[in-house]
Amino acid sequence: ILVFSLSLDLLDEFVHYPDDLRLVSWLESLPQPLGLMLIAIGALEWRKEHLLVTRQLATREKVLREHQWLDPLTTLYTARYFHYLLQREISHAAESAQPLCIAHVNLTCFSRFNQSYGSHAGDKLLHHVSELISLLLRPSDCVCREHSDRFLILLPNTDYAHARQLLAGLPNAITSELNTPAYLGCQVTLHEVKEHSAEQALDALTEAAAHTSADVQRGITRAARARA
């Protein structure tokens, strides 16, 4: 309609219409506002569709991000979310001058348990362990699954001594509540965060956990030699 109106307007520059021929004048002037109105309606509908698609994409991205942050087996948050949360808590601790601790929990000899009872029983055990840890922690704390049989715990507003007290009963709780075999142990490593980034804090925790594992292994070796 708009093109037709503009065509008549252009033709009017080259052809002279009789003054009493009002029909041509109406055909030239009336379709133009109608065409502009249709274009405006079309632009409005396009805008609505664009906003709808944008919301759908944002919702999809949010769902995918949440799934990446949730462990499907234990329904705990993943190590990726722990890293994000730790960085946020480090900034908060620096502003409020409050202590902050993180912990690494490792189920020792878990591979032996899997070989003896099967992967299904191992998955069930991991799920029960994650529930037990969550029950023993405070509402402000957060436990995440790092990978396999390892977990990460965030303890805001908690110094090393308090964190040690909070987690002291965790190994015995796992053994007694879940009735696990005697060879299955729980190694807990604590670290009070003084670093300024999550990467540095996690590296320090990993190093401390490695030292703890080495100490435990040396203790097992000495005990075996003593029995021999």
Side-chain angles (χ1 to χ4, degrees), residues 1-17 21-98 100-104 123 126-127 130-131 133-135 137-148 150-157 193 195-203 205-206:
I1 296 175
L2 183 61
V3 173
F4 177 71
S5 176
L6 293 175
S7 299
L8 288 178
D9 186 54
L10 178 63
L11 188 63
D12 187 39
E13 301 295 329
F14 301 99
V15 178
H16 178 70
Y17 302 112
L21 191 58
R22 302 293 184 186
L23 178 61
V24 175
S25 178
W26 291 346
L27 291 175
E28 179 182 328
S29 58
L30 290 179
Q32 187 170 356
L34 181 59
L36 291 173
M37 184 175 66
L38 292 176
I39 289 176
I41 294 173
L44 181 62
E45 292 299 321
W46 175 85
R47 175 63 176 170
K48 290 180 180 178
E49 184 177 354
H50 176 71
L51 291 175
L52 179 62
V53 171
T54 301
R55 283 196 298 267
Q56 290 175 344
L57 290 175
T59 302
R60 182 180 179 184
E61 182 182 358
K62 180 181 179 182
V63 170
L64 289 174
R65 188 185 299 114
E66 288 177 350
H67 277 263
Q68 289 176 349
W69 282 357
L70 284 178
D71 176 59
L73 176 62
T74 61
T75 67
L76 296 175
Y77 287 112
T78 61
R80 181 179 178 183
Y81 179 78
F82 187 86
H83 182 280
Y84 160 79
L85 190 61
L86 176 58
Q87 187 60 59
R88 190 184 71 181
E89 289 298 324
I90 287 175
S91 301
H92 177 71
E95 293 174 0
S96 59
Q98 293 293 326
L100 173 65
C101 272
I102 53 178
H104 182 271
D123 291 345
L126 290 175
H127 183 73
S130 66
E131 288 182 334
I133 296 175
S134 299
L135 287 173
L137 296 178
R138 304 164 300 181
S140 59
D141 303 330
C142 180
V143 56
C144 302
R145 187 186 181 196
E146 184 182 18
H147 63 81
S148 185
R150 299 180 181 183
F151 301 87
L152 294 167
I153 300 175
L154 182 70
L155 303 163
N157 302 327
V193 178
E195 295 78 12
H196 300 291
S197 71
E199 291 86 356
Q200 293 173 345
L202 288 172
D203 287 344
L205 179 63
T206 301

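Side chains included, hydrogens not; waters and symmetry mates left out as well; all remaining heavy atoms used. For clarity, every value in this text was computed on a predicted model and none was experimentally measured.
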Give, for atom [atom1] of [X] and atom [atom2] of [Y], the distance between the pair rounded to the nearest 0.5 Å.
X      : Y      : atom1 : atom2 : answer
Glu95  : Ile90  : CD    : CD1   : 12.5 Å
Leu76  : Trp69  : CG    : CH2   : 15.5 Å
Leu52  : Arg55  : CG    : CZ    : 5.5 Å
Ser197 : His83  : OG    : NE2   : 7.0 Å
Cys144 : Arg150 : SG    : CZ    : 16.0 Å

For this session: Please lay out, stage by stage, how Leu100 and Asn157 fare under the test side chain to side chain contact (heavy atoms under 4.5 Å, CB included).
Result: CA-CA 5 Å; Leu100 173 65; Asn157 302 327; over 6 Å; no

Less than 4.5 Å apart, side chain to side chain, heavy atoms only: is that true for [X] and [Y]?
X      : Y      : result
Ser130 : Phe151 : yes
Cys101 : Val193 : no
Leu137 : Leu155 : yes

Check for a donor-acceptor pair, side chain of [X] on one end and backbone N or O of [Y] on the other, with a separation under 3.5 Å.
X      : Y      : answer
Arg145 : Ser148 : yes
Gln87  : Ala198 : yes
Thr75  : Asp71  : no

For this session: Output, in order, the C-alpha distance, side-chain angles, deciding distance and verdict of side chain to side chain contact (heavy atoms under 4.5 Å, CB included) for Cys142 and Leu152.
Result: CA-CA 8 Å; Cys142 180; Leu152 294 167; over 6 Å; no

Problem set entry | Parallel, tilted or perpendicular: ring planes of Tyr84 versus Tyr81, cut at 30 and 60 degrees |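 Aromatic pair Tyr84/Tyr81 classed tilted.
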
Problem set entry | Residues Leu154, Leu86; criterion side chain to side chain contact (heavy atoms under 4.5 Å, CB included); working and verdict | CA-CA 7 Å; Leu154 182 70; Leu86 176 58; 3.7 Å; yes

Does either side chain, that of [X] or that of [Y], offer a donor lying less than 3.5 Å from an acceptor on the other one?
X      : Y      : answer
His92  : Gln98  : no
Asp203 : Thr206 : no
Glu131 : His127 : yes

Exercise. Where do Phe82 and Ile102 land on the side chain to side chain contact (heavy atoms under 4.5 Å, CB included) test, with the steps shown first?
Worked result: CA-CA 10 Å; Phe82 187 86; Ile102 53 178; 3.9 Å; yes

